[in-house]
Colleague: 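This is the structure I want to talk about, given as structure tokens.
In the text below, chain A, chain B and the rest are named by the order of the sequence lines, each starting its count at 1.
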There are 2 protein chains.
Amino acid sequence: MSPRQSRAAARRPARISEQLRRGDLLAADCPSRDVLKHVTSRWGVLVLIALEERTCRFSELRRTIGGVSERMLAQTLQWLEGDGLVDRVAYEVVPPHVEYSLTPLGRAAAKRVRALADWIEVSLPRIAQKWDERRATTGPGRAR
Amino acid sequence: MSPRQSRAAARRPARISEQLRRGDLLAADCPSRDVLKHVTSRWGVLVLIALEERTCRFSELRRTIGGVSERMLAQTLQWLEGDGLVDRVAYEVVPPHVEYSLTPLGRAAAKRVRALADWIEVSLPRIAQKWDERRATTGPGRAR
DNA sequence: GTACGTACTTACGATTAGTAAGCAATAGGT
DNA sequence: ACCTATTGCTTACTAATCGTAAGTACGTAC
């Protein structure tokens with residue numbers, strides 16, 4: 001029995017307490033889909049990576065993460081905070097001062113996210129090569 | 001000098017050939033953002049996980065991945081194929097028979113994606129606990 | 001007094017995702 | 001003969017989501 005098969009077998013365990021059961025991302029109605037949505041969202045990935053390096057203020061994150069809007073950054077941070085991955089500390093001063101950092105749970109998530117992100121950055125040349133090959137036969141324009 | 005710092009320093013190497021340069025996901029206009037979009041898309045993650053276990057036909061994938069529509073599955077597969085992560089083999093028969101599998105590049109990506117997915121599935125109870133705590137103070141309703 | 005910085009929120013138009021239906025060609029049931 | 005089902009898509013249409021721009025409150029600097 002391979003590790004994969006044992007994992008598949010464990011996917012629906014026989015009636016363990018609902019609160020302790022692991023998620024199943026392949027199931028449409030599993031709450032883990034919400035976590036996946038937050039963590040792998042366009043900006044969620046980059047927020048986790050940025051916060052893994054250091055605690056940041058809102059506007060620091062905005063400057064670090066190229067192209068993010070204030071609206072989406074705020075929403076993403078609220079998602080991640082709600083999942084217990086990001087910690088928000090606000091100082092009651094003017095102008096406002098808010099610091100965002102990763103919780104232990106968030107650091108664990110960021111580790112996996114960064115592994116993926118690093119792979120993408122390193123593999124980009126090989127993937128871009130595919131784009132070029134395809135463009136040579138299929139005509140110009142990269143799939144968005 | 002920490003590994004993180006050295007990585008940050010390597011982010012903008014001094015004029016190596018453009019074709020060989022690694023991506024920078026924090027830069028708004030870097031093409032690696034497109035790869036990230038495809039790989040971390042709602043269905044891209046699940047396609048990679050499903051195909052990591054075995055080669056699948058289109059409709060097998062549709063049944064395996066709960067909640068995916070034919071439209072989005074087709075589009076996701078085309079993205080991943082275009083990035084060279086998924087291989088598509090069509091047999092000219094009726095009814096049509098098409099098999100999807102991972103390329104070596106796709107298997108490398110799937111490995112990282114599954115590490116993240118596994119973490120989410122296992123960590124779901126701890127995250128759901130956060131939701132419960134928050135719901136107790138903030139009122140009902142989970143952040144989507 | 002005008003401009004700027006901070007951390008948001010709120011409207012609104014633009015992009016994207018999801019739903020349902022269509023298609024082509026064959027096999028199987030009644 | 002006819003109706004239905006299957007497969008792997010694509011094409012309209014609609015609903016959700018995203019990005020842009022602006023507004024807010026309060027203080028400091030020019």
Colleague: Heavy-atom distance under 4.5 Å between the side chains of L80(B) and Y100(B), does that happen here?
Modeller: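 Not touching, per the 4.5 Å side-chain cut-off.
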Colleague: Please pick, from dG8(D), dA11(C), dA17(C), the nucleotide with the shortest atom-to-atom distance to any side-chain atom of R71(A).
Modeller: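 Minimum distance to the R71(A) side chain belongs to dA11(C).
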Colleague: Just the rounded figure in Å: distance from P of dC18(D) to CZ of R33(B).
Modeller: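 So the two atoms are 15 Å apart, to the nearest Å.
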Colleague: Taking any heavy-atom pair under 4.0 Å as a contact, classify Y91(B): base, sugar-phosphate, or nothing.
Modeller: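 Nothing, no heavy atom under 4.0 Å.
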Colleague: Whole angstroms only, please: what is the CD-P distance between E92(B) and dT7(D)?
Modeller: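 Roughly 18 Å, once rounded to whole Å.
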Colleague: Atom CG of L77(B) to atom C1' of dT7(D): distance rounded to whole Å?
Modeller: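 Checked: the CG to C1' distance equals 14 Å.
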Colleague: If you restrict it to nitrogen or oxygen atoms, what contacts under 3.5 Å exist between nucleotides 2-6 of chain C and the protein, and what is each distance?
Modeller:
from   : atom 1 : to     : atom 2 : distance (Å)
dT6(C) : O3'    : R57(A) : NH2    : 3.0
dT6(C) : O3'    : P96(A) : O      : 2.9

Colleague: Describe the nucleic acid contact of R42(B) in one word from base, sugar-phosphate, nothing, applying a heavy-atom distance below 4.0 Å.
Modeller: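 Here R42(B) touches the backbone only, sparing every base.
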Colleague: Do E121(A) and R22(B) sit within salt-bridge range, that is, some charged N less than 4.0 Å from a carboxylate O?
Modeller: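 Judged by the 4.0 Å cut-off on N to carboxylate O distance, E121(A) and R22(B) do form a salt bridge.
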Colleague: Would you indicate, yes or no, if dT9(C) has its OP1 or OP2 atom less than 4.0 angstrom from a side-chain nitrogen or oxygen of Q78(A)?
Modeller: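 Affirmative; the distance criterion is met.
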Colleague: If you compare every side-chain N and O of W43(B) against the phosphate oxygens of dG18(C) (OP1, OP2), does one of them come in below 4.0 Å?
Modeller: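 Yes, such a contact exists.
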Colleague: Between atom CD1 in I65(A) and atom P in dA7(C), what is the gap in whole Å?
Modeller: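 Atom CD1 in I65(A) sits about 14 Å away from atom P in dA7(C).
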Colleague: Return each pair, listed once, that meets salt bridge (charged side-chain N to carboxylate O under 4.0 Å, His left out) where at least one residue sits in residues 58-68 of chain B; pairs must be two or more places apart or across chains.
Modeller: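 Found R54(B)-E60(B), R62(B)-E70(B).
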Colleague: With T76(B) as reference, evaluate V45(B), V47(B), V86(B) under the side chain to side chain contact (heavy atoms under 4.5 Å, CB included) test and give the passing residue.
Modeller: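 Of all the options given, the one that passes is V47(B).
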Colleague: Please, which pairs that meet side chain to side chain donor-acceptor pair (under 3.5 Å) have at least one residue in residues 102-113 of chain A, sequence neighbours excluded?
Modeller: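 Qualifying pairs: none.
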Colleague: Should D87(B) and T55(B) be marked as a side chain to side chain contact (heavy atoms under 4.5 Å, CB included) after you check the CA-CA gap, both sets of side-chain angles, and the distance that decides it?
Modeller: CA-CA 10 Å; D87(B) 197 28; T55(B) 295; over 6 Å; no
